[in-house]
Structure formats: C-alpha cells, structure tokens
Amino acid sequence: MKKLLILSGKGGTGKTTTAASFIRFSNAQAFADCDVDAPNLHIVSNISNEPEVTDYYGMDKALIDPDKCLNCGKCAANCRFGAVKKADGHYEIDEFGCEGCGVCTEICPAKAISMSPDAAGKLWLYRGAQTFATARLKMGRGNSGKLVSEVKSVMSEAAPHARLSVIDGSPGIGCPVIASVTGVDMALIITEPSASGLSDLKRLLHTSDILRVKVAVCVNKYDVCPEKAEEIKSFCEEDNIAFAGFLPFDKKASQAINQGLSVADVDCPLKDALKQVYEKTMALLEA
C-alpha cells in the first residue's frame, strides 16, 4: 500500500479540500483523517455505512474512592496541577487537570486514590468498498500522536490489499503531525502565498527532512498573491523540492463543502487544477 499524506502549516489552508478531491480522483480504497483534534474529512467523504466505534485509552488518571477518603486534603496540597478539587464536602479529581503523575496515590494515607484507565477519545472505522478511519481526541487530553498512529494502523489492517491510501494529516508540526508523517511514502504540503505560508512551509520541510519522507509542495489560492506564489515555487526549485503546482481561489470550493461534496464533485476551475496537481503528485509518488 502506498501512503500519501496531505499536510499544511496551519488550519484553513486547503489540506482537507485537497485530500477529499484526491480520494475521489483515485477512488482510493483506504483513507484516514489523522487530524484527531478537529477531524472533518467525514463531512465530504460520502461514507454512509455504520462505523465500528471503539474507545481509545490514553494515560491513566487518578480516581478518589469517597468511601475511603479521610478528607485530609494532602492530595490537594501536593497536586502541582491543581487537579484535586473539593466539592460538596469531599475531594474529587478534575479530569481535565489531572496529568496522571500518581503523586496523590503515593501520599494518600488511606490509600483512597488509585490510577484508573481513562477513555481519551473515540476511533471510528468504516468498512465496505472503501475503508475510512478517523478519531476524535477528548478535550484536554494528550496522547494525540498515539491516537494518530492507531488510526493509521487500523486503516492499514482493515484494507491490507489497498493499492493507495490517502491520509489527511494535522496542521502544524506537533505530535500528531510527526505521527502522521512517520511511515508514509510521500507528503504533499499545501501552503498559501504569504510570508507566514512560506515560514510554515519551511518548518514542515525541516520536519519531513528529519523523518526522511519524500515531499512535494502545492500553493493554494496562488492568485491572491501571484508574486509570493512564484517566490515559493522558486524557493522549492532552488532547494530541489518537487513542486506539484498552483491552485486558484475558487468560491465554488466553499459552496461544494457546504453541500457535503468534494471539489472533485463539481465543475469549476479549482477541480481542473486539482486534477493536474493530483496527476503530478501520483507521478512523484510512483517515481
């Protein structure tokens, strides 16, 4: 299975729009949304069958047994994260504040506190003619990188004979991006024609280089600032970075998404440009 990852330096750059169109163009048998903090590929994926839903467990969190608690307050006094609160005359753990360090379990004289498994998110797997995996991390939880790895693993196991998988990654360069990049065959970076877009691109290129992943670059909404778009293309050429093409600003893109469609489902200039970028990207992927 060839794994193509779509990345961007920030949200709203056009990463998911590009991923959804690539899925349509290729009729990919497997795809995944690894933006576990704010997944949205399902909105334009046209997946209608019922998913298999499983809990994802991250690090353990503290839990106070009220029947054993002496209300001595030692746990609250020693919790550096302020996760132990007193309510209605007894102490309890704030699940959003607890970092799972376990100090409270060690100092509790009544052994009333234990570390308990915490469901940090949910994972959805859709099977059928196409396999789609996605997940959502609960608010205030860590372990986003591990959940991303789980999404990719579940997708691969459910579609072992798929020729191509398209993965919608997370924006930025943090843990979920590093987990997304690891093990893929190629990453297509979507950027914007601006100073911040070029800065974000350089950070992503550095991250991809460290992880030794082949990359290509595409500039979305290039006609908003053609001069900066050409500067980004020149930067890529000077550094021997594959350049996949330009995408125009097209109001029909947002109209399509509002209707639950990908840009590949509507006739517009952006669809034609995306098809060209797709063909260039596939050639680079197979090279």
Side-chain angles (χ1 to χ4, degrees), residues 7-13 15-16 32-43 51-126 132-155 167-182 200 203 207:
L7 293 176
S8 64
K10 69 174 186 62
T13 304
K15 171 178 56 62
T16 301
D33 189 346
C34 287
D35 186 1
V36 297
D37 290 301
N40 58 4
L41 183 59
H42 60 280
I43 296 173
E52 300 171 15
V53 185
T54 56
D55 286 327
Y56 170 74
Y57 289 90
M59 60 187 181
D60 293 348
K61 290 186 179 290
L63 182 67
I64 298 176
D65 184 344
D67 294 329
K68 293 181 180 179
C69 181
L70 303 176
N71 279 331
C72 66
K74 285 187 176 181
C75 52
N78 288 274
C79 179
R80 63 180 298 183
F81 304 104
V84 184
K85 310 290 186 180
K86 194 167 188 178
D88 298 326
H90 65 274
Y91 288 96
E92 58 185 33
I93 304 295
D94 176 7
E95 63 173 313
F96 299 112
C98 180
E99 291 290 332
C101 67
V103 167
C104 55
T105 65
E106 296 296 324
I107 65 171
C108 178
K111 301 300 179 185
I113 308 177
S114 60
M115 301 304 294
S116 176
D118 174 64
K122 288 188 179 295
L123 192 150
W124 288 266
L125 175 64
Y126 297 81
F132 173 42
T134 184
R136 182 184 293 276
L137 193 68
K138 287 176 68 176
M139 184 174 65
R141 299 309 196 267
N143 307 105
S144 58
K146 289 184 178 180
L147 181 52
V148 166
S149 297
E150 186 69 14
V151 170
K152 291 167 61 183
S153 176
V154 166
M155 176 198 68
I167 302 170
D168 185 14
S170 298
I173 59 170
C175 290
V177 174
I178 292 171
S180 297
V181 171
T182 303
D200 290 340
R203 296 167 69 214
T207 302

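These values consider heavy atoms only, across backbone and side chains, with no hydrogens, waters or symmetry-generated copies. Just so it is clear, the structure is predicted and the values come from calculations on it, not from any experiment.
With rounding to the nearest 0.5 Å, the separation of NE2 in H90 from CG in L70 is 14.5 Å. One distance of note links OG1 of T16 with CG of N40; it measures 4.0 Å at 0.5 Å rounding. Within the model, atoms CD1 of I178 and OG of S170 stand 11.0 Å from one another, a figure rounded to the nearest 0.5 Å.
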Under 3.5 Å donor-acceptor pairs involving side-chain atoms of residues 96-119, not counting sequence neighbours:
| unit_1 | atom_1 | unit_2 | atom_2 | d |
| --- | --- | --- | --- | --- |
| T105 | OG1 | G102 | O | 2.6 |
| D118 | OD1 | R141 | NH2 | 3.1 |
| D118 | OD2 | R141 | NE | 2.7 |

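Closest heavy-atom contact between A135 and V151: CB-CG2, 3.6 Å. Here the closest heavy-atom approach between residue S180 and residue C34 is recorded as OG-CB, 3.5 Å. Contact record, K15 with P171: CE-N, 4.1 Å, taken as the closest heavy-atom pair.
Among residues two or more places apart in sequence or in another chain, the side-chain contact (heavy atoms from CB on, under 4.5 Å) test is passed with A76 by V84, Y91. Under the rule for a salt bridge (Lys or Arg N to Asp or Glu O under 4.0 Å), D33 has no partner lying at least two apart in sequence or in another chain.
Residues I93 and K61 are not in side-chain contact: their nearest non-hydrogen atoms beyond the backbone lie 4.5 Å or more apart. With a 4.5 Å cut-off on side-chain heavy atoms, P176 and D35 do not count as touching. Proximity of T54 to L125: side-chain heavy atoms (C-beta onward) are nowhere separated by under 4.5 Å.
Not a single donor-acceptor pair under 3.5 Å links the side chain of K122 to the backbone N or O of V53. Side chain of N71 to backbone of G89: a donor-acceptor contact under 3.5 angstrom is found. Side chain of K152 to backbone of T182: a donor-acceptor contact under 3.5 angstrom is found.
A side chain to side chain contact (heavy atoms under 4.5 Å, CB included) with I173 is found for exactly one of T207, L7, D200, namely T207.
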Chi angles and distances behind the side chain to side chain contact (heavy atoms under 4.5 Å, CB included) call for L41, T134: CA-CA 8 Å; L41 183 59; T134 184; over 6 Å; no
Apply side chain to side chain contact (heavy atoms under 4.5 Å, CB included) to residues W124 and R136 and explain how you reach the verdict. CA-CA 9 Å; W124 288 266; R136 182 184 293 276; 3.8 Å; yes
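Remark: K68 NZ is loosely packed, at most 12 non-hydrogen atoms of other residues, nucleotides or ligands lying under 6.0 Å away. More than 12 heavy atoms of other shown residues, nucleotides or ligands fall within 6.0 angstrom of atom NZ in K138.
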